[in-house]
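In listed order, ligands and their atoms are each counted from 1. Computed from heavy atoms alone, side chains included, the values below leave out hydrogens, waters and symmetry copies.
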Amino acid sequence: MEFKHIPIMLNEVIEGLDIKPNGIYVDCTVGGGGHSSEIAKRLKGGHLYCFDRDEDAIKKSSQVLEKFKEKITLHKSNYKEAPTILKEEYGVEKIDGFLIDLGVSSYQIDEGERGFSFVNNGPLDMRMDRNEDVVTAKEIVNTFSYQELVRIFQVYGEEEFARKIASNIVEKRQKKEIETTFELRDIIEEALPKKVVYSRGGASKKVFQALRIYINEELDGLDKVLKELVDMLSPAGRGTVLTFHSLEDRIVKNLFKLESTECLCPPRIPKCICGHKASIKLVNRKPIIASEDEQKINSRSTCAKLRVVEKI
Ligand SMILES: C[S@@+](CC[C@H](N)C(=O)[O-])C[C@H]1O[C@@H](n2cnc3c(N)ncnc32)[C@H](O)[C@@H]1O
């Protein structure tokens, strides 16, 4: 299947990175190589390190980025390991910019076989790295307890009908194992009030999002890796992060807020005793959102938020 993914807020990301032609850049989530192509184009003497945990993404982006191969290194791994890999395998201690474009690519969603989609039927999988021995969506919906399902749907999907959905899943799986994304979608929709099914636009999306985040541990350690990347930035280096839902955006926002705050002492203390120093400044006070034109062309961009910081 063709790897299709339109890079979100491409111009805004490139502007945010403020690329130095001889700089060292890191794309933590190379996907189809859309953002990376534009970064690579601007490098002269610089280098771009690209990571992705999905083998298909690495294969596809290596074709897309072929013409820039002298200035690009592709590495299949979880970006949470990127700071260590950069230092230990490539001897890179300092970088001039990084991009994390969180979430799934359109390719992963469109390919039913990967089991991420409630629009295309496929086996319930949802692992971004299919070589990893982690639980699949099928194992979760067929074996996890009612309480565990409710927790996952509430915490990672902010699904207000978590109990009703979990209870329907538990009832249905007693008769037949739940195997496909369409079976799960129908079970979810059956548990929801009719008006929610019609008004939500993808009634099962919160549960699908919750399962995906849980399986791929998308939120775990995000703040830690962000801090490590910020620490690696050279003065005036830029960090850019694209998020697609409030859970991940909150983590990014809080970490950037903490790192851009000069003193963490409570206001009642007249003189700073914490010694905390800001290491970055926020380039934009509010997150950047996609233009109306982009939102019209690409529905994935409607919920995207871009945060940009600069190392002090
Ligand atoms: C939204 S896409 C990136 C698209 C890319 N910016 C482009 O222009 O084509 C997100 C990518 O991040 C990857 N990804 C998600 N979580 C990851 C992680 N923890 N480590 C490495 N890659 C990850 C996914 O496999 C997917 O390919």
From atom 19 (N) of ligand 1, work out which of I8, L99, N78 has a heavy atom at the shortest distance.
-> N78
Nearest heavy atom to atom 20 (N) of ligand 1: which of F244, F51, Y79 does it belong to?
-> Y79
Side-chain H-bond candidate by donor/acceptor type, Y90 with H47, under 3.5 Å | no
Taking non-hydrogen atoms only, is V30 closer than 4.0 angstrom to ligand 1 via side chain, backbone, both or neither?
-> backbone
Distance only, no hydrogens: is a donor on one side chain within 3.5 Å (strictly under) of an acceptor on the other, for T302 and Q295?
-> no
Just heavy atoms, cut-off under 4.0 Å: does N216 contact ligand 1 by side chain, backbone, both, or neither?
-> neither
Check each heavy atom of H35 against ligand 1 and say whether those closer than 4.0 Å belong to the side chain, the backbone, both or neither.
-> both
Is the F118 ring parallel, tilted or perpendicular to the F208 ring (thresholds 30°, 60°)?
-> perpendicular
To atom 24 (C) of ligand 1, the nearest of D52, D54, L222, I58 on a heavy-atom basis is D52
Do S145 and E148 have side-chain N/O donor and acceptor atoms under 3.5 Å apart?
-> yes
Examine ligand 1 and decide if any of its atoms is less than 4.0 Å from a heavy atom belonging to V104.
-> yes
Between the CZ atom in R42 and the OG atom in S37, the distance rounded to the nearest 0.5 Å is 10.5 Å
In terms of atom number and element, which parts of ligand 1 are under 4.0 angstrom from non-hydrogen atoms of G32?
-> 7 (C), 9 (O)
Determine, considering heavy atoms only, which of D101, L242, V225 sits nearest to atom 6 (N) of ligand 1.
-> D101
Going by atom types only, do N168 and K172 share a side-chain donor-acceptor pair under 3.5 Å?
-> yes
Taking atom CG of L102 and atom CD of E248, what is their separation to the nearest 0.5 Å?
-> 4.5 Å
Check whether the side chains of T136 and D125 place a donor and an acceptor atom closer than 3.5 Å, and report yes or no.
-> no
Say whether S77 and ligand 1 are in contact under the criterion: heavy-atom distance to a ligand atom below 4.0 Å.
-> yes
Does any N/O atom on Q108 come nearer than 3.5 Å to any N/O atom on ligand 1?
-> yes
Counting heavy atoms only, which of S105, G221, S106 comes nearest to atom 2 (S) of ligand 1?
-> S105
